[in-house]
Amino acid sequence: MSPTTTTATREPPQPLSDADIIRLAQSCSPIPSFLLTTSSHQTLLSYLTSRSQSSSPSKPNPTRPKLPQDHPVLPPLLPYVPTTELPQIVEPIVSFLPQIVDSENAQVLDLLPRCFNLIGNAEEIEGGGRFVNSVIDKILGINWSKGLVSKMVSIVRDFPVLDKTRALEFVEKVFVGMSSLDLQDLPSLVYQLLVLASKGFVKREVIQGIVTFFGSKMGSKASSIVRQVEGTVLLHVNFAVKQDPSLGQEVMGLVRSDLRAFNHFTVAVLLSVSRVRKFGESSMGALKIALLTAYRDYKFVEDCKWIPDDMKEEYLQNVKVVEKAMLRAVNESNYGREHIVPSILEFSFLLLESMEGGNQKDPCNSSGLLGIEELAIQMLKALFEAHDMARNEIIEQCKFRILSLKPEQSMAIIRLLGNLVQSYPYPMLEHVSRMKELLDYFTFMHGKVAAEVVSVLLPLIKFSRDLQDYTILVMRKAMFRREDVVRLAATAAVIDLIVAEKQSKRDDPLSFQESSSQASSSQQSEIRYSAGGGLFQELSGLLQRCLYQQANVKEVLYHGLVKLVLVDPSSGRAVFDFLLPHFLQFFKEDEDVQLQINCCVKSESGKAYIGEPLHCLLSCISWMLLLQPHGKIEQALESSWACLGFSLSQENEAGRNSSVDSFCTAFLKIRKSLRNQNLEGIFGQTQDPGSASVEEDKRKCCSLVLSGIIEVVLNAIATELEKATDGKKLDLEKELIEFVDLHDSLDKDTGFSRQSTVIRRGNPRTSAHDVPNNMESGHSKVTQGRISFFATSSIYQILQTVLKLLNTDNPNHVAASQNNSQLTCKMSKCCSKMICFVLNASLSHIKSSSVLQNDDPLRALIYGEIKVLGPPLLKLIFLLTSRLRMVSNQNKTEAKGKKDVQEQKEHLHLALICLKELIMICSRTSHLTGLLEDMVSISTLQHAGLDNESETISIIEDQHTRSKELFIVKTLKPLFSGLLALSFFSEVEIICDMILIIGGKLPCKLSNSHGAWAISVCKSNEILNSKVGKSLVTLAICLSSPPNDLIICQDMARALLQVIGSEGNVPMKVSEVYPLVNHLTSPTINSCILHIIEAVIVDMDWAIKKLKTFSLVSQKSIHLSQNIEQSLVLALEENLYARAEAVVKVLSSFASMSLNDTQAEFLLRFCARFYKHLAQMSKLRIAPKGCKQIFPSLKFLKLVEVTCKQLTNPLYDFVAIMQGKHQENANTRGMINKIKRENRCIPELIFQIEDYEKYLIQLSKVCKVNLLRHAKRSTARDFRIIPNNINREDPPGQEPNQDNSNAVENESGEDLGDTEGDNDGSEHILSPEDNSPLVAGDSGSDNEDGDGLPSAKRLKRSNRVVQDSDDEA
């Protein structure tokens, strides 16, 4: 039978019921063809209608089988349903949406996308698109349950194309509803959102919503399940970025555009995206820029006075949020997101590499912030602790970067390594092999880096005998290197190794045994407890080699030995025994000249150098003798011998004190011989047949050594003086005076100053790895500055002795002693030498206090509480001031009297410098308050207005603020008045510096009072000294809070205008309002005010950039609620306009002055930069397309009016006058060069002015207000220097004049665009000079922000002007 016959005889199919359709769907078989016939349409439609009109459309009757979820049977059948009936299906489904609870009863929503498409494309339905949009609006208007949220995200990709507004509303609804979803449903939902975004569905908003939801809304839920969910989401994001790289761009653009989107999840997303090869560097870069920008912005607003306080607090919170986000992202890296661990590691090292020099000390640490370096170290420490797999890579990266980076950058890596060693010593024992590999490169590292590497490994070395032995082996090899810096580093490392061993024994002798029980079995073999003689005896041979090295190596050794005895006094005997043979080479007890100073100096290639720093050796010996405990020396010696494994017997009892006694005896003999011998006897007679210049250099070297020896002896005498009885004090004071006299005669005899530079012994060969840089080579104690030979207590005692000699208890002694005998004259001369010596010693001591680090044991010994020098220095200043005042009142005119006054004035100047340096040193520590309180307690000076200020001080509660205010009021201001009355201008300048240093740390109210005081001084005193004038003006402006600071600048500028004069006005000799401004001080004050205004313009540049960022964020609606941010932006904007207006008023006075060529050129460049900022501000006021135009604020309108009236018009006149003067003198030789310089600054200024006015024209058009009603008409200029003989004949015998300003009226003054296209009449642009201080780094920035002319047009103009200049040459 044929198929045709069979089909013909088959009965027609029965109509299907809805139950039959369900069973058909369950069978998952293909749709039969007869089901697609028109006869089945009615059955399908009746089923769909009945289901949509039922109380639960998605739930079948209990008697019917259940429809499989997401089965695609019904949607393909919809095209066969009459299109006019489709709205009847959609409307009931939409009305049922609020009743949907979970995804089980949301299956019917699968019909909506196909229905929407059919309705929208159907010609039978009028307004189908509007119907679809209305339905979508209804869907967006209801509350979505968690089941509806999931279903809508899954079906929205099949919807007709949504406009951006509805798409944004949809995304917002989704992220609002995500909070109600179960945690396990979030990853799948995020994946569907990412799929939508990859298809172009509002990418930025989807990415923004994801990072905001998991970073903010889910951020408070810190459970392990939430972290696991976030880890899964990160994997989805990573995969989506691999499939669609544009999503990665959106993530980075989000962070770049707005720091407020920064949270821990954003950090994790960026780190995850960085695992995609294409985004590795860019993602890391975006994260780094965001982090560094947060720190830089906070530092700026903290230092800027005119930024609103609320904004300062906001930026502080931004930095804290960034730090917390970074640390949280790292701490949660072990919860399903291990794939970002390599990115965290790489980024942390990237941050450490960004730290160079002293940048690691962030100024914001006082606010409780970590800082960049500490943040990176904490991140790596968290990785090291949480991930065993990361430890190997961290150590390997540390080793690689220490060896490959610049010394400045590698120091941060070394500090990281030290933190790891200190915090995780046992895990670090597993990486000893890598530490040994790092030590293999010791001789190839920079000297400072090499020494620091060993220093940070010391805590680990005490746990590993193997590492210690290997370190010693490396140091032995390094001692035989030819490079000086390598031997210096090796010497310092060996000393640190020995000292670390002594410290560990002293602090906790049983620490090793107790801690070893906590280590694993694999680590116990590394842990050992050192017993026996110790490393000093073991390495004494290596140290002995240092005694035959260059002088700088010996200095490091001597300081290290003092440190060793300081840490462990019991090792003193062994150190004395070690040094004695070497010392006896330069001390001959049986000869007339016991101290062989001439043997310390050698010559080579016609140059003298110090071969043996005998003064450093004697300083080392002196310190060690002082460190030996009185009455306990026997015990110390016994322990020293026991340490070597010997017991004291009758045979060695007699010789055990030989080294200590020998040094004590030798030191006393040196003191005695120096007092009894003259300089020739001390230096000895040399028989060197060399040239006279070599002999002179040798004598200078000997003088340097002897000068140091005398200081060592003086330190010992001062130490004894501190503990001596009254009877012994007189003898010691006499001896002190004699040695000071010898020190003074030494300088006069040789003409050698203590501060001069003398060539020391050094190897002329330098290694390739020691390239010049700002890092100190070798060891800091040698290169940064010599450690003082004095202790702070010794200088204090000498100061007290000087005050005693000056008879401070009897201030009339000076006047009463004028008629005394020669004894008084001799005493006065002695006092002068003592004052000069102790002040020089104090200044050197204070400045060298920064040589040693805070944790160095020598710092406490030598410098101690350096603030104790403040009161005696201040007493000496008071005494010198009173003596000078009394001498000046006597009007002494004889030469000797003038010489004494000049000498005392020099002493006062030096004492004030010492006090200023001491205040600067203490201001970096916590000792400033104590120093000021001590000095205030001895101050007895008075000045006008003290009573009123005392009432203000009495209500100050903060101790630190009160001490600063008291010191300024009771000490510095009276000193200022007294010294100003004496016309001691150099000293007054130092007082102003101290007031500025301390006053800058006061609250605004108090600093304003001191600024007002400085203004009153400027108004009441005619000071002719330019430096004092500059200091007072700086004081008045810098201690005044905005806006008063620029108001003062305006008043000063007007006073300068009167004194300097303007075109057609006769200048005054002295200003009527400010006598300080006169013909002698005006140039300096002029420069001072311009530099202060320059700083203001730099601040404006930052503010404009921030306003631009806020504008972009607002346009893109990245944040939906911005009320608080908007108020801060408005406050910043208003402050910016106020500052700009004040700057205009200041510059307007300068534009009217008759300035010289240099000042005029400086002003023109300055104004060009300012107009560029004004153009940027005007451009920000113009709303972009699609945004509502906001009418400019009143302050902006006032700024525009003031600028046009008071600055733009005067500047045009200023340029015309300046060019006219140049044309008059065009025949002079240097005038052509000046005109060429004009071709660089004048065109730039004109361009910036007209660029500013161009944006004002555009703003006027959109705001319907004429902003340029006060502006001067623009002029088109040609700046080619054209010889006059082209246009007219020159007089005979005269060179052709060169015209530089053929100004032609611009016909289209209302629109700059017309002039831009005019090749003949347009301005020619030249970039500012590269070396200009006002425009550095400013060239080429016009086109970066889209401002100004197109780059090609501007380049064409620049080239043409340059060509003109070449023709002129």
Q: Could you list the residues that satisfy side-chain contact (heavy atoms from CB on, under 4.5 Å) with Ile998, not counting sequence neighbours?
A: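 In terms of side-chain contact (heavy atoms from CB on, under 4.5 Å), with neighbours along the sequence ignored, Ile998 is linked to Ile919, Leu932, Lys964, Phe967, Ile968, Leu972.
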Q: For Tyr796, give me all partners under ring-ring contact (aromatic ring centres under 6.0 Å, His included), at least two apart in sequence or on another chain.
A: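 Not a single residue meets the ring-ring contact (aromatic ring centres under 6.0 Å, His included) criterion with Tyr796.
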Q: Check whether any side-chain heavy atom of Pro872 lies under 4.5 Å from a side-chain heavy atom of Leu803, and answer yes or no.
A: yes
Q: Using the side-chain contact (heavy atoms from CB on, under 4.5 Å) rule, pick out the option among Thr971, Leu966, Leu874 that qualifies with Met935.
A: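 That would be Leu874.
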Q: Could you check Lys700 against Leu704 for side chain to side chain contact (heavy atoms under 4.5 Å, CB included), going step by step and ending with a plain yes or no?
A: CA-CA 6 Å; Lys700 288 184 178 181; Leu704 175 64; over 6 Å; no
Q: For the residue pair Ala724 and Lys729, what are the closest heavy atoms and their distance?
A: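 Taking every non-hydrogen atom into account, O-CE, 3.4 Å.
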Q: Measure from the side-chain N and O atoms of His743 to the backbone N and O of Phe739, and report whether any donor-acceptor pair falls under 3.5 Å.
A: no
Q: Look up atom NZ in Lys973 and atom NE2 in His1010, then write down how far apart they are to the nearest 0.5 Å.
A: 5.0 Å
Q: Quick one, Ile737 and Leu805 - any side-chain contact, counting heavy atoms below 4.5 Å?
A: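 Side chain of Ile737 against side chain of Leu805, heavy atoms only: contact under 4.5 Å found.
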Q: Return the set of residues passing side-chain contact (heavy atoms from CB on, under 4.5 Å) with Leu843 (not counting sequence neighbours), or none when no residue passes.
A: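 Expected list: Lys847, Leu910, Ile913, Cys914, Glu917.
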Q: For the OG1 atom of Thr1084 and the NZ atom of Lys1027, what is their distance to the nearest 0.5 Å?
A: 9.5 Å
Q: State the CG-OG distance between Asp697 and Ser703, to the nearest 0.5 angstrom.
A: 11.0 Å
Q: Please identify each residue that fulfils side-chain contact (heavy atoms from CB on, under 4.5 Å) with Gln797, with sequence neighbours left out.
A: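 Only Ala718, Leu721, Glu722 meet the side-chain contact (heavy atoms from CB on, under 4.5 Å) criterion with Gln797.
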Q: Please find the pair of heavy atoms, one from Leu931 and one from Gly870, that lie closest to each other, and give the distance.
A: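 Smallest interatomic distance, heavy atoms only, reads CD1-CA, 3.7 Å.
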Q: Supply the atom-to-atom distance Ile991 CD1 to Ser986 OG, rounded to the nearest 0.5 angstrom.
A: 12.0 Å
Q: Indicate the atoms forming the closest heavy-atom contact of Leu1076 with Thr1081, along with that distance.
A: O-OG1, 2.6 Å
Q: Apply side chain to side chain contact (heavy atoms under 4.5 Å, CB included) to Ser1031 and Val988, showing your working.
A: CA-CA 9 Å; Ser1031 297; Val988 169; over 6 Å; no
Q: Strictly distance-based, threshold 3.5 Å: is any side-chain N or O of Lys833 a donor or acceptor partner for the main-chain N or O of Leu742?
A: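 Side chain of Lys833 to backbone of Leu742, a donor-acceptor pair under 3.5 Å: no, none is there.
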Q: Run the numbers on Ile1015 and Tyr1074 for side chain to side chain contact (heavy atoms under 4.5 Å, CB included), then give the verdict.
A: CA-CA 9 Å; Ile1015 295 172; Tyr1074 289 93; 4.0 Å; yes
Q: Taking atom types as modelled, is there a side-chain donor on His845 or Thr792 under 3.5 Å from an acceptor on the other?
A: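 Looking only at side-chain atoms, Thr792 and His845 do form a donor-acceptor pair, the distance falling under 3.5 Å.
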Q: Is a donor on one side and an acceptor on the other found under 3.5 Å between the side chain of Asn1078 and the backbone of Ile1023?
A: yes
Q: Looking at Tyr863 and Ser788, would you say the former's side chain and the latter's main chain have a donor-acceptor pair under 3.5 Å?
A: yes
Q: Are any side-chain N or O atoms of Arg859 and backbone N or O atoms of Ser849, one a donor and one an acceptor, separated by less than 3.5 Å?
A: yes
Q: Can you name the nearest heavy-atom pair linking Ala791 to Asn715, along with the distance?
A: N-OD1, 2.9 Å
Q: What is the ring orientation for Phe976 with Trp1013, classed by angle as parallel under 30°, tilted 30 to 60°, or perpendicular over 60°?
A: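 It falls in the perpendicular class, over 60°.
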Q: Keeping the roles fixed (side chain from Thr925, backbone from Cys922), state whether a donor-acceptor pair exists under 3.5 Å.
A: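 Side chain of Thr925 to backbone of Cys922: a pair is present.
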Q: Once you round to the nearest 0.5 Å, how far does CD of Glu965 lie from CD1 of Ile956?
A: 5.0 Å
Q: Using every non-hydrogen atom in the two residues, find where Phe789 and Trp623 come nearest and quote the distance to one decimal.
A: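 Between these two residues, the closest heavy atoms are O-CZ2, 3.9 Å.
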Q: Mind checking what makes side-chain hydrogen bond (donor to acceptor under 3.5 Å, both in side chains) contact with Glu1022, not counting sequence neighbours?
A: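 For Glu1022 there are no side-chain hydrogen bond (donor to acceptor under 3.5 Å, both in side chains) partners, ignoring immediate neighbours.
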Q: A side-chain contact here means heavy atoms from C-beta on lying under 4.5 Å apart; do Leu873 and Leu839 qualify?
A: yes
Q: Would you please test Leu861 and Leu858 for side chain to side chain contact (heavy atoms under 4.5 Å, CB included) and show each step?
A: CA-CA 5 Å; Leu861 173 67; Leu858 287 180; 4.2 Å; yes
Q: Tell me whether Ser923 contacts the main-chain N or O of Met920 through its side chain, where contact means a donor paired with an acceptor under 3.5 Å.
A: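 Checked: pair present.
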Q: Output the distance between atom CD1 (Ile938) and atom CZ (Phe878), rounded to the nearest 0.5 Å.
A: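 These two atoms lie 6.0 Å from each other.
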Q: Start with the C-alpha gap between His960 and Lys1001, add the side-chain angles, then the distance that decides, and say whether side chain to side chain donor-acceptor pair (under 3.5 Å) holds.
A: CA-CA 10 Å; His960 305 289; Lys1001 299 179 181 296; over 6 Å; no
Q: Can you name the closest pair of heavy atoms from Ser794 and Thr719 and give their distance?
A: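 Minimum heavy-atom separation between Ser794 and Thr719: OG-OG1, 3.4 Å.
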Q: Is there a side-chain contact between Gln904 and Leu908 in this structure, where contact means two heavy atoms from C-beta onward sitting under 4.5 Å apart?
A: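 In short, these two side chains do not touch, never coming nearer than 4.5 Å.
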Q: Is there a side-chain contact between Asp744 and Phe837, using heavy atoms and a 4.5 Å cut-off?
A: no
Q: Return yes if some donor-acceptor pair links the side-chain N/O of Ser842 with the main-chain N/O of Val838 below 3.5 Å, else return no.
A: yes
Q: Quick check: are there more than 12 heavy atoms from other residues, nucleotides or ligands sitting under 6.0 Å from CD of Glu738?
A: yes
Q: For Lys867, give me all partners under salt bridge (Lys or Arg N to Asp or Glu O under 4.0 Å), at least two apart in sequence or on another chain.
A: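 Here the qualifying residues are Asp934.
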Q: Quick one, Leu1039 and Ile995 - any side-chain contact, counting heavy atoms below 4.5 Å?
A: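 They are in side-chain contact.
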Q: Is there a side-chain contact between Leu806 and Leu876, using heavy atoms and a 4.5 Å cut-off?
A: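 Yes; the side chains approach each other to less than 4.5 Å.
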Q: State, with a plain yes or no, whether a side-chain heavy atom of Glu903 is found less than 4.5 Å away from one of Ile835.
A: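 No; the side chains remain at least 4.5 Å from each other.
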